[in-house]
Chemist: 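I'd like to ask some things about the structure below.
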Amino acid sequence: MSDPVRFDRRGAVGVITLDNPPVNALSLPLRTGLRDALAAGLDDPEIEAFVIHSAGRMFSAGADIREFDTGVAGESPTLPELIAQIEDSPKPVVVALHGTAVGGGCELPLACHARVAVPGTRIGLPEVTLGIVPGAGGTQRLPRLIGVLPALEAIVSGKPMDAERAHELGLVDELVMDGQDLVEVAVEVAERLVESGALPKARDRDDLLAEAREQPELFEQFRAKIARRARGFEAPYACIECVEAAVQRPFDEGLAFERETFVRCRSSLQSKAQRHVFFAEREARRVRGVGPDTAKLTIQRAAVLGCGTMGGGIAMCFANAGIPVRVTESEQAALDRGMEKIRGNYAATVAKGRLSAEDMESRLALIEPTLDFDSVSDADIVIEAVFEDMALKKDIFTRLDAICRPDAIMATNTSSLDVDEIAAVTSRPEQVVGLHFFSPANVMRLLEIVRGERTSPEVLSSALDLSRRIGKVGVVVGVCDAFAANRMLYPYAQQAQFLIEEGALPEQIDRVIYEFGFPMGPFGLGDLAGLDVGWRVRQHREPTRPKHLRYSSIADRLYEMGRYGQKTGKGWFRYEEGSRAPIPDPEVEQLIVRTSEELGIERRDISDEEILERCLFALVNEGARVLDEGISERASDLDLIWIYGYGFPRYRGGPMFYADSVGVDHVYATMQRFHEVHGDWLEPAPLLERLAREGGTFADWTPS
Ligand code: T1G
C-alpha cells in the first residue's frame, strides 16, 4: 500500500497531497500521514504556509465509514484532533478542492484558513443520510461561514452544493478559472495570506449567527418544515439541535455537544441500518458472472413500446437522463393520451418549482411519439411495457427479433411473467432481460433487473450501468413467479387480508404499518395501485396457488362491486373528490364482518404487535425462500428492493436487516407459532429455520 500522504514544496509553501483511492476516505493511515506532514512543515522554518489537495477523482468522501464499528475511528489522530491542528496552525493552511468534498472531507476544509475550488466540485455534509450528524465541527463552522438557514438546509438534507453556490455563500473563497491550475491558485492564495499575516478562522466568525440568535423560533419552524420527509428519522433532528447549539453556545461548548451527539447517533440502530443501506447499494452492483471488465453497451438511443402509465413513466426516465427515446403505441388516441400524461407530469413538477419550463421542454423534445413499430429498429435498447399478457408479449418479441440490431438489448417490463418463456421466442435470448420498473416509473427508484437463464453478462452489465444513468437502484434477481419484489409482497398483503377476516380493520392495519415507517399500509397501497390490477394478478396467479391453501375473497368482492380504489373513489377506503385521504367506509366493514361470519370465524381483538409481526415476518419468510432458491444473491439486495420499491423505512435497513435486528431466532419462533395457529401460508422457510438453529443472520448468509 503506497503512502496515502505526500509532502512537497513550492517555494515556501508545503504542498500536502492526499492519495487514498478510490475516494480519499480519511482513514487512520491518512490521518496519521497528514498529521505528520503538518508537524514537519510547522517545524520547518522555511515553510510559511500549507496547501492541502488530493490525487484521484475527488478531494475526499469523508471519514472512512468502514472504520465506524471498529475502534480505529476513535484512534488518534482522530479527525477532530487533526482539524484543530489545522485551524490552530500559526501558518496559513489553504485547501484545494475538486470532484467531491463531503462529510469529514468538507469539515476539514472548513477548518482551513481559505478554500479554493474547481467549478462543479460537490461540497456538502451528507452524514444525516448515514443516520449521524457531522462529527468534526461541520455543524459549528458551516453556519458561521454561510449563515444559519443555508447551513440547516445543507446539513439536514445532506445534499451537497456545487462550488459556484458555495462561492456565492462565502464558503469557497476562490474559484479556479479555465486554464488555471488548482494547486497553483491555492499556493498563490497561501502566499497572499502569509503576506497579509491573516489567519481567518471559521470559529471566530459570529456575524452570521447574530440574526438567528434574535429568532430562536426559526429552529421550531425548521423542525415543522421537515416533519413530513423526516418522519421516523432521528438524525435530522439531532442535526438541528447541533446547529442550534452553534447559535446559542460558545464555539467549544457547541463543538463538544456536536461530538457527544455524533457518538450517540453513530452507535444507534438507525445509523447501523442506514450505513447498511449505503454499502448494500454498492454491493448490489456486484453480480455473479459480471466483472468490472465485462463489456457493456452504452445506451445512446432508447425505445419504449406502450405509452400507458408505465411506458410513459419509463420514457420520462430516459429523457430525464438526456437519452433520446422513441415511444410507440398502436393507436393515435392512446399515443396522444400517453403524451398528454407525460406533459402533465412535467408540468406538475414545474408547478412545484422543481423543474424549469425550459428543462421541461428540452426533456419533452427527447421523447418522440410514434405509431411506427419498426422505427425502434435502430435503438440500443427496446423496453416493452404493454399489457401484462404472455401471448401479446411473445408476439412483440418475435417482431422485435426480426427488426432490432444484433447488439440491441430487448427488455420486458413485466412484473411477474416468465422472462425465459418470452426470450425463447427470439433467436437471441442472451439479448433479452427483464427491466421491472415500479409505478410511477419516473419517481420510484427501484429497477428490478430480471436475469433470464440465457441473459448474457454484457446485457446485465449494460442494464446495471443504465440503471445508474437513469437514477435507479438496479437490483438483479432470477426468474420465478413474480420475481423477488412482488413475490415477497403477496404474503405481506395476504396476511393483512386474513387479519381483517379475523377481527382487524383496514384502517387499523394501515395505521400500524404507517407508524412502523412505511408511507402507507397495504390497503392504501392496494387502492393506489388499483384493486382491478390486483384482481388481474390474482387471476394470473390462481393456477399456481397450492390447492389446500385459500386466499381471502374480500378483495375480489370489492372488485366485483366496482370498487377499484382511488381511481373510482372507493376501494378499501372511500376518497373525497380530488383527495387521496383514505376514509374508513362502513360498507366495507359490513362486507368484512359478513365474510367472517360466512367463514365461521369469530372476530377477535387483534394487537398492533400481531399485525406487525404477521405482515412483516411473512415477507421476511418469503425473502428467505427467495435467497434459498438463488433468485437473489444476497439479503441486502432484498432490503434495497423493499426500501426503493415499497418504501420500507430506510432507518430500519430493510426487511432482512430488520429481521436480524429483532433476532432471526425470534422471527423463526414467532413464525412457528403463527404456523401452528394460522396454517401453511405461514410455514417457516427452511433457511429461516437453519439460520435460527445455527445462530446465523441474513447479513452473513451467502449462497451455498
Ligand atoms: N468511507 C469508506 N468507503 C467509502 C466512502 C467512505 N466515506 N465513500 C465511498 N466509499 C467506497 C464505496 O463503498 C465504494 O467501495 C468506493 O468507495 C467507491 O464509492 C466526522 C464521520 C463520494 C459521492 O457520506 O456518497 O465523514 O464498493 O461507488 O458513485 O462528520 O461514495 O468499490 O468497494 O459510491 O463515485 C460522510 C459517502 C462519511 C459520503 C462517490 N461521507 N460516499 O460516489 O463512488 S461520515 C459520505 C458517497 C463522516 C464526519 C463523519 C459516494 C461518493 P466499493 P462509490 P461514486
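Order of appearance sets the numbers: ligands from 1, and atoms from 1 within every ligand.
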Chemist: Report, in ascending order of atom number, the atoms of ligand 1 lying under 4.0 Å from any heavy atom of Gly103.
Modeler: 26 (O), 36 (C)
Chemist: My question is simple, although I want it checked carefully: is atom 52 (C) of ligand 1 less than 4.0 angstrom from any protein heavy atom?
Modeler: no
Chemist: Establish whether atom 43 (O) of ligand 1 and some protein heavy atom are separated by less than 4.0 angstrom.
Modeler: no
Chemist: What atoms of ligand 1 come closer than 4.0 angstrom to any heavy atom of Gly104?
Modeler: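 What qualifies from ligand 1 is 26 (O), 48 (C), 49 (C).
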Chemist: Going by the atom numbers of ligand 1, which of them fall below 4.0 Å from some non-hydrogen atom of Phe279?
Modeler: 13 (O)
Chemist: Enumerate the atoms of ligand 1 whose separation from the nearest heavy atom of Met58 is less than 4.0 angstrom.
Modeler: 22 (C), 40 (C)
Chemist: Nearest to atom 11 (C) of ligand 1, what protein heavy atom do you find, and at what distance?
Modeler: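 Result: Val23 CG2, 4.4 Å.
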Chemist: Please answer whether the main-chain N or O of Cys265 pairs with a side-chain N or O of Ser268 as donor and acceptor at a distance below 3.5 Å.
Modeler: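 A pair under 3.5 Å: yes.
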Chemist: Counting the benzene-type ring for Trp, do Phe222 and Tyr237 have ring centres under 6.0 Å apart?
Modeler: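 Aromatic pair excluded; centres sit 6.0 Å or further apart.
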Chemist: Do any nitrogen or oxygen atoms of Arg282 come within less than 3.5 Å of a nitrogen or oxygen of ligand 1?
Modeler: yes
Chemist: Determine, stepwise, if the pair Tyr644 / Phe438 fulfils ring-ring contact (aromatic ring centres under 6.0 Å, His included).
Modeler: CA-CA 9 Å; Tyr644 288 112; Phe438 285 69; over 10 Å; no
Chemist: Could you tell me, atom by atom, which parts of ligand 1 come under 4.0 Å of a heavy atom of Arg66?
Modeler: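 The list of qualifying atoms is 13 (O), 15 (O), 33 (O).
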Chemist: Please say whether Arg285 places an N or O atom under 3.5 Å from an N or O atom belonging to ligand 1.
Modeler: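 Right, the criterion is met.
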Chemist: If I take atom OG from residue Ser271 and atom CD from residue Glu127, how far apart are they, to the nearest 0.5 angstrom?
Modeler: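 It comes to 10.5 Å.
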Chemist: Could you list which atoms of ligand 1 come closer than 4.0 Å to a heavy atom of Glu107?
Modeler: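 Listed by number with element, the hits are 20 (C), 30 (O), 49 (C).
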Chemist: Any side-chain to backbone donor/acceptor pair from Arg31 onto Leu26? Under 3.5 Å, distance only.
Modeler: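 Yes; at least one donor-acceptor contact below 3.5 Å.
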Chemist: Applying a heavy-atom cut-off of 4.0 Å, say which part of Arg286 lies close to ligand 1: side chain, backbone, both or neither.
Modeler: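 Only the side chain of Arg286 comes within reach of ligand 1.
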Chemist: Does an N or O from Pro22, backbone or side chain, lie closer than 3.5 Å to an N or O of ligand 1?
Modeler: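 It does not: no N or O of Pro22 is found under 3.5 Å from an N or O of ligand 1.
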Chemist: Give me the one residue out of Arg286, Arg650, Arg468 that meets salt bridge (Lys or Arg N to Asp or Glu O under 4.0 Å) with Glu281.
Modeler: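 It is Arg650; the other options fail the test.
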Chemist: More than 12 non-hydrogen atoms from neighbouring residues, nucleotides or ligands closer than 6.0 Å to CZ on Arg229, yes or no?
Modeler: yes
Chemist: In terms of atom number and element, which parts of ligand 1 are under 4.0 angstrom from non-hydrogen atoms of Val102?
Modeler: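 Those of ligand 1 that fall under 4.0 Å from Val102 are 39 (C).
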Chemist: For ligand 1, note which part of Glu258 has a heavy atom under 4.0 Å away: side chain, backbone, both or neither.
Modeler: neither
Chemist: Under 3.5 Å between some N or O of ligand 1 and some N or O of Ile65?
Modeler: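 Yes; at least one N/O pair falls below 3.5 Å.
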Chemist: Can you measure from NE2 (His113) to CG (Asp173) and round to the nearest 0.5 angstrom?
Modeler: 11.5 Å
Chemist: Which ligand 1 atoms are under 4.0 Å away from a heavy-atom of Phe262?
Modeler: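 Once the distances to Phe262 are compared, the set is 21 (C).
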Chemist: What's the separation between atom CG in Leu145 and atom CG in Leu169, rounded to the nearest 0.5 Å?
Modeler: 10.5 Å
Chemist: Taking 4.0 Å as the limit for heavy-atom contacts, which would you say applies to Leu26 with ligand 1: side chain only, backbone only, both, or neither?
Modeler: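 For Leu26, there is no contact with ligand 1 at all, from either part.
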Chemist: Can you tell which part of Glu283 has a heavy atom less than 4.0 Å from ligand 1: side chain, backbone, both or neither?
Modeler: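 Glu283 to ligand 1: no contact under 4.0 Å from either part.
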Chemist: For ligand 1 and Thr100, I'd like to know whether there is a polar contact (N/O to N/O, distance under 3.5 Å).
Modeler: no
Chemist: Counting heavy atoms only, which part of Ala63 comes closer than 4.0 Å to ligand 1: side chain, backbone, both or neither?
Modeler: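 Under 4.0 Å from ligand 1, Ala63 contributes backbone and side-chain atoms.
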Chemist: Pick one of side chain, backbone, both or neither for how Asp64 approaches ligand 1, counting any non-hydrogen atom pair under 4.0 Å.
Modeler: both
Chemist: Check this for me: does any side-chain nitrogen of one of Asp19 and Arg6 sit under 4.0 Å from a carboxylate oxygen of the other?
Modeler: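 The answer is yes: the pair qualifies as a salt bridge.
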Chemist: Which protein non-hydrogen atom lies closest to atom 45 (S) of ligand 1, naming both residue and atom, and how far is it?
Modeler: Phe68 CZ, 3.8 Å
Chemist: Aromatic ring centroids of Phe657 and His276 under 6.0 Å?
Modeler: yes
Chemist: Between ligand 1 and Ala61, is the shortest N or O to N or O distance under 3.5 Å?
Modeler: yes
Chemist: Tell me which protein heavy atom sits closest to atom 29 (O) of ligand 1, plus the residue, atom name and distance to 0.1 Å.
Modeler: Arg468 NH2, 2.8 Å
Chemist: Record the part of Arg57 in heavy-atom contact with ligand 1 below 4.0 Å; permitted values are side chain, backbone, both and neither.
Modeler: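 Arg57 to ligand 1: side-chain contact only, backbone stays beyond 4.0 Å.
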